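Encoded as structure tokens, the structure appears first; notes follow it.
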Amino acid sequence: MVIALLSVGCTLISDKAILAKFTDPTGDSSVLDSADTAGATDSGTSVDADGDGYSGSQGDCDDADPSVNPGATEDCSTPADDNCDGSTDDLNAVGCATFYADADGDGYGGLAGACLCVASAVFSLATSDDCDDGNAAVNPGAAEVCEDGIDNNCDGSADQCGPASGSLTTAVAYVGEVATPESGAAVAGLGDVNADGYDDVLVGAGYNPGPGAAYLVLGSAAPASGDLSAGPTYTGNGSSSERAGCAVAGVGDINGDGYDDAVVGAWDNARGGENAGAAYVLLGGSIPASASLGSEITFLGPAGDEAGFSVSGAGDVNADGLGDLLIGALGDMAGGHDAGTPAGAAFLVLGSPNPSGGALPDAAIRYVGSTDRDEAGSSVGGGGDVDGDGYDDIIVGGDLNSDGGSDAGAAFLMLGTASPSDADLSDAIEYEGEAAGDEAGNAVANAGDANSDGYDDILIGASAAESGSGEAYLVLGGAAPTATSLSAAIKFSGAVVFDYAGSSVSAAGDLDQDGYGDMLVGAPGSDSGGNDAGAAFVVLGGSTLASGTLTSDIELSGAAGDYAGFAVSGAGDVDGDGYLDVVVGAPFAGGDAGAAYFVLGTGM
């Protein structure tokens with residue numbers, strides 16, 4: 001036998017020695033066994049073919065792929081069982097995603113999850129939004145149940161539920177005096193006039209001939225039914241027919257002292273001449289006290305103007321940081337109109353650190369009706385910022401305007417500006433009534449932002465429309481509002497003839513806390529609660545709003561004879577619980593003494 005000699009690093013080595021070294025490195029006489037590659041004892045004949053340190057006998061499930069072995073990390077991006085544990089969907093594998101179990105079977109994942117490559121039979125959902133996965137009635141798709149103490153819809157808040165349809169007889173009721181009847185003919189949320197953290201409300205009693213009065217209902221932690229006369233009372237100045245309180249409104253803080261203020265209309269006041277009318281400003285303060293309205297800041301109309309037939313806060317028309325107010329004078333005859341057919345007017349009083357009153361129009365900016373017999377000023381309202389330019393806008397109703405047909409009525413939008421000045425309403429943006437006899441504009445108001453698009457919207461009532469079933473129109477704001485017929489607006493219709501829906505309209509605020517402004521529409525002729533019981537309807541805002549009958553909305557019905565809904569208003573947060581409230585006037589409740597019903601908001 002010939003033994004070959006190799007030269008390895010200047011040393012002669014036989015090929016037999018080479019064979020021994022490179023075929024059995026451990027010298028255990030078992031060639032190329034597992035001990036030679038992984039250091040284990042000779043227990044089999046498996047080899048580490050892929051050189052990953054694991055042989056088949058050591059659990060390498062794919063000895064042709066060095067990335068697959070028992071020491072590897074499971075990777076979701078590969079189809080292989082990377083760590084040879086019998087599963088390709090290991091918990092917390094590289095690239096895993098978290099999936100959640102639906103323990104209560106309501107279709108929503110619970111808070112506990114597992115990070116897997118793909119969903120499993122148990123951990124099957126990609127989202128975790130069920131705040132109680134042991135209760136199928138609690139999940140993000142559930143309706144909030146008021147006052148059960150549970151966050152039913154898992155939104156993390158107490159949720160204002162908003163009012164539900166029902167009878168006003170179960171609401172908190174403030175009843176008027178028999179000696180000063182028809183309380184609730186006007187109602188208004190004021191904000192917080194005494195800065196105690198509770199919003200307040202003014203209730204007018206001025207439609208019955210006589211001096212009239214306005215009653216201040218101060219908010220509190222636990223409002224309870226009672227007599228309006230128990231709170232601060234503001235009486236007419238002694239005229240037998242002043243009708244103070246026929247219109248009331250909150251006007252914001254007109255003098256910048258930190259207290260919200262109010263205005264009371266008295267359209268039959270004669271201090272400026274027969275039927276001149278007046279508007280009284282009540283400044284808020286820490287201790288509101290009863291008083292004669294004659295001692296308050298007074299704006300007097302000229303003879304025949306019927307100033308104060310309508311009043312409203314105007315917002316901040318000139319953006320100077322002070323609240324402004326509007327006074328409607330439907331009998332105004334400026335511009336040469338005939339005495340028997342007044343065009344009417346609206347007076348804008350700008351806020352001032354030292355408001356002093358005075359004779360109209362000297363103390364105010366006047367917007368004159370566009371044609372004879374318009375009765376502009378039959379209603380007035382702050383429109384909010386309809387065009388989003390930073391200046392609040394105003395609305396003036398002229399319910400006998402005939403541009404859209406005889407007595408079709410109209411509403412006029414005047415846009416705010418840094419320097420408002422006298423103007424003719426023919427220069428305003430006009431919304432014409434859609435049919436003769438509708439008397440659109442008998443009520444106007446800011447609607448808030450009903451569709452949450454960043455522009456405030458307006459409400460226009462036409463209680464005589466559709467043979468007296470009535471309509472309330474929602475005109476959506478925008479960067480460039482344009483004149484149009486109300487036939488193009490969103491329409492909320494009374495259900496039956498003589499409902500007189502749209503007799504009153506108001507913003508309600510976001511009652512259900514969904515980000516959309518909600519609205520109130522009064523229908524004092526509704527018989528749903530009894531003959532002439534009246535009703536107020538809550539119309540909820542939303543991203544998509546459509547015309548419809550008010551019976552599909554939340555209905556707050558009075559008792560027989562109440563005429564509830566003759567006046568409506570958002571009340572703010574009267575009881576300071578974080579939920580918005582509403583007030584509904586019923587001037588013939590309780591044997592014509594009248595009442596104001598407070599429907600308090602609730603949450604979970």
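Being a predicted model, the structure only gives us computed values, none of them experimental.
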- Contact check, side chains of N401 and T371, non-hydrogen atoms, under 4.5 Å: yes
- Closest non-hydrogen contact found for Y563 with F588 is CD1-CD1, 3.5 Å
- For the residue pair I394 and Y367, establish whether any side-chain heavy-atom pair is separated by less than 4.5 Å. yes
- Audit row: V145, I150, side-chain contact (heavy atoms from CB on, under 4.5 Å) steps and yes/no: CA-CA 8 Å; V145 177; I150 299 172; over 6 Å; no
- Item | Stepwise side-chain contact (heavy atoms from CB on, under 4.5 Å) test for M414 and D427 | CA-CA 8 Å; M414 292 292 298; D427 297 326; 5.7 Å; no
- Under the criterion side-chain contact (heavy atoms from CB on, under 4.5 Å), which of V187, L600, L511, V574 is the partner of V582? L511
- Residue pair A186 / G245: nearest heavy atoms and the distance that separates them: CB-O, 3.7 Å
- Task: Decide yes or no for Y431 and V444: does some side-chain heavy atom of the first lie under 4.5 Å from some side-chain heavy atom of the second?
- Result: no
- Query: Knowing that exactly one of L476, D392, L413 qualifies, which makes a side-chain contact (heavy atoms from CB on, under 4.5 Å) with V386?
  - Reply: L413
- Are V505 and L520 side-chain neighbours, meaning at least one heavy-atom pair lies under 4.5 Å? no
- Message: Looking at S183 and A205, would you say the former's side chain and the latter's main chain have a donor-acceptor pair under 3.5 Å?
- Response: no
- State which residues pass ring-ring contact (aromatic ring centres under 6.0 Å, His included) with Y174; sequence neighbours excluded, sorted by chain then number. F598
- Query: Could you go step by step and tell me if Q513 and L580 meet the side-chain contact (heavy atoms from CB on, under 4.5 Å) rule?
  - Reply: CA-CA 9 Å; Q513 294 184 350; L580 295 178; over 6 Å; no
- Start with the C-alpha gap between D324 and I254, add the side-chain angles, then the distance that decides, and say whether side-chain contact (heavy atoms from CB on, under 4.5 Å) holds. CA-CA 6 Å; D324 307 317; I254 68 168; over 6 Å; no
- State which residues pass side chain to side chain contact (heavy atoms under 4.5 Å, CB included) with S225; sequence neighbours excluded, sorted by chain then number. V172, A173
- Derivation and outcome, side-chain hydrogen bond (donor to acceptor under 3.5 Å, both in side chains), residues N275 and D305: CA-CA 6 Å; N275 301 133; D305 257 27; over 6 Å; no
- Task: Please examine the side chains of D374 and L400, heavy atoms only from C-beta on, and report whether any two atoms are closer than 4.5 Å.
- Result: no
- Task: Could you tell me whether the side chain of I395 reaches within less than 4.5 Å of the side chain of S312, counting heavy atoms only?
- Result: no
- Query: Going through the distances and angles, do S528 and S526 end up as a side-chain hydrogen bond (donor to acceptor under 3.5 Å, both in side chains)?
  - Reply: CA-CA 6 Å; S528 59; S526 170; 3.2 Å; yes
